[in-house]
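A quick write-up on the structure given underneath.
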Amino acid sequence: MGLRDPLRALLRSDELATHQVPIEGSPEQALADLRRESAERYRQLADAMPQIVWTADAAGTATYYNRRWFEYTGMAEDEADGQAWVRVTHPDDLAQARARRERTLADGGIFETEYRFLGADGTYRWHLGRAVPIRTAGGEIDFWIGTATDIDDRKRIEEAQQFLLDVGAELSLSLDWQAGLRAVARLAVPRIADCCAVYLEDDRGAVSLFTVEPPGRDPPKLAGPRGVAEVIRSNQPVLAAGADGDSHSALCVPLTARGQAIGAITLLMEGSGRRLRDLDLQTAEEIALRVAVAAENARLYEELERRARAARVLETIADGVVLLDEREQVLLWNNAAEAITGIRAGDVVGRPAHAVLPGYAGNVAAAAADGRPQTVPVEIAGRELWLSFSAVQFGDGTVYAFRDLTEERGIEQMRSDFVATVSHELRTPLAAIYGAAITLRRNDLELDTEMRNRLLDIVSKESSRLAEIVNDVLLASHLDSGRLRLNIQTVDAVEATTVVVDAAQSRLPEGVSLSVDAPARNVPVAADSQQLRQVLSNLIDNAVKYSPDGGPVTVTVALQERTVRWLVSDRGLGIPASERLRVFEKFFRLDPNMTRGIGGTGLGLYICAELVHRLDGRIWVESNGDKGSTFVVELPAS
Ligand code: ADP
């Protein structure tokens with residue numbers, strides 16, 4: 001402390017020898033004069049100090065206060081007695097200051113404490129009080145010199161900083177900024193104000209009290225509702241410090257969110273002997289800023305959450321969802337859209353819809369314009385998809401939701417194919433049987449034996465054809481429903497082939513020959529013998545059937561490394577390369593209108609493929625050189 005050393009230099013008697021004061025008369029007299037003179041100088045010096053300076057006797061009773069003391073406290077000279085300090089010390093700080101004083105008097109150490117002194121203006125200010133004992137040459141405490149330095153600004157800044165830290169913590173605790181705002185008001189009282197009121201403005205511009213601390217208190221009058229509305233409107237803070245002697249002071253700062261005032265915070269001091277100052281205005285503005293940030297964060301978070309929820313919904317629903325902006329550029333393409341179309345979001349987002357969805361302009365947009373869900377064909381990467389679109393238009397674009405109805409459509413198509421094919425296929429033999437039966441029943445016609453036999457032959461052949469069709473339909477339906485049980489055993493491939501070929505030989509049409517090329521020994525294969533015969537019989541029947549101009553049909557059996565392989569070759573109509581996969585589809589026929597007069601259900605090859613796959617084998621068709629086809633079947637050797 002700067003004060004102590006010069007004072008000590010002035011007052012300590014052992015240093016008088018070095019002092020440049022002329023000594024007159026007796027040494028005692030001179031010393032007394034010097035003391036008086038020194039005391040006078042000390043007083044002058046002390047009065048010039050910006051701090052409060054006092055002295056006290058060895059027992060601690062005040063003997064002197066400097067000018068600053070009287071200025072600050074507003075006391076008259078005669079009031080400054082030994083207890084004067086007690087009267088100005090804040091009641092809350094008194095006990096602590098007294099205890100410290102007792103301790104210092106007892107141990108003769110240095111006194112140091114922080115307490116609030118009541119000023120002449122009726123407000124308390126924080127002071128740092130310090131006192132040191134001045135000792136005689138013998139070491140006894142002679143008297144005390146004390147100072148009290150105004151540390152109120154520093155103290156208030158520290159408090160404000162701590163308060164802002166707490167406010168920050170409170171606001172970051174939850175995303176509910178309004179709850180944060182209530183907490184801020186609670187924290188503010190009594191730390192930085194005696195009363196705190198928060199006002200919020202609603203959407204219609206009406207300002208109402210949001211919270212007040214202490215609870216239930218009337219909101220502060222100094223910047224009452226009208227004043228608050230003005231602060232919000234002008235977005236300008238107001239500090240009403242109150243005149244000297246008026247213990248009220250208030251301030252009001254606007255609360256803003258995204259540059260827009262949404263409310264205001266009002267702080268009020270009354271009765272606690274504190275006064276709101278510029279510093280408090282800054283603190284309040286800082287709070288408002290933090291509340292604004294918290295409110296903005298909460299809003300952003302809510303927005304993000306809302307979007308994330310919407311995005312999660314979009315990504316989990318099974319319907320494709322596409323969002324187009326007003327220029328028909330794709331903004332969003334969800335998971336289901338990717339899965340249904342096979343087009344990745346990265347390849348479409350940001351691109352025009354017509355470039356991404358072929359047929360968009362013609363089909364989809366037209367369907368959307370209609371307002372009702374529309375099922376339209378869309379060709380993507382060579383695949384025809386039947387997509388059912390619904391569209392909702394909004395301000396900046398259109399949302400399409402679509403689902404894949406290709407399969408449903410396929411099933412629907414198949415059902416009508418089935419009805420058409422089967423009923424047609426049934427009608428032909430039925431008509432033949434009916435015709436033959438009617439003829440046989442006629443009494444007016446003399447039928448010779450040969451004619452009767454031919455008619456009966458028709459009835460029997462067409463009946464077995466009917467039975468075959470019904471069998472095919474039943475077998476296909478069993479395969480579809482998974483009800484077909486296979487009984488896989490070791491079967492001799494050569495024997496199975498011979499049985500089928502012999503049966504086919506018996507019904508070969510004219511011009512077609514059938515031969516087998518098989519090893520002379522057993523060729524064991526793992527198969528269900530009945531279903532194996534079904535496969536071979538279908539292939540041989542087809543080879544014969546689709547050789548309408550006649551020709552050789554050859555069946556080859558060969559043991560491969562791990563498989564047994566059959567080749568069924570004909571030199572008939574052949575199958576174009578592009579259709580070699582499709583012939584195995586259910587109901588698929590190359591010539592559905594029977595321009596060549598060859599009937600069929602389109603089930604035979606489907607059944608073959610299903611059975612072969614269930615036997616862990618493979619089936620495919622190749623061209624047989626320049627003419628006809630070769631069907632290849634491979635099954636695991638046993
Ligand atoms: P279908 O009852 O029509 O014969 P399949 O499923 O057995 O039904 O055959 C499907 C289609 O494949 C046939 O309609 C025919 O167009 C074609 N096909 C099958 N086998 C042959 C073959 N050996 N030669 C030419 N075309 C064939």
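Both counts, for ligands and for their atoms, begin at 1 and track the order of listing.
- Listed by chain and number, residues touching ligand 1 at under 4.0 Å (heavy atoms only) are Asn542, Ala543, Lys545, Tyr546, Asp570, Gly574, Ile575, Val583, Phe588, Arg589, Leu590, Gly600, Thr601, Gly602, Leu603, Gly604, Leu605, Ser629, Phe631.
- Arg299 has no carboxylate O lying under 4.0 Å from a charged side-chain N of Glu303, or vice versa, which leaves the two without a salt bridge.
- A salt bridge between Arg309 and Glu305 is present, with a side-chain N of the basic residue lying under 4.0 Å from a carboxylate O of the acidic one.
- Contacts of Glu201 classified as side chain to side chain donor-acceptor pair (under 3.5 Å), with partners at least two apart in sequence or in another chain: none.
- By the 4.0 Å N-to-carboxylate-O rule, Arg565 lies close enough to Glu634 to be salt-bridged with it.
- Sorted by first then second residue, the ring pair (Phe, Tyr, Trp, His ring centres under 6.0 Å) pairs that include residues 605-626, not counting sequence neighbours, number zero.
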Using atom types as modelled, flag every donor-acceptor pair under 3.5 Å from a side chain in residues 541-555 to any protein atom, sequence neighbours excluded.
| residue | atom | partner | partner atom | Å |
| --- | --- | --- | --- | --- |
| Asp541 | OD1 | Arg507 | NH2 | 3.0 |
| Asp541 | OD2 | Arg507 | NH2 | 3.4 |
| Lys545 | NZ | Gly599 | O | 3.0 |
| Tyr546 | OH | Arg589 | NH2 | 3.1 |
| Ser547 | OG | Ala543 | O | 2.7 |
| Asp549 | OD1 | Arg596 | NH2 | 3.3 |

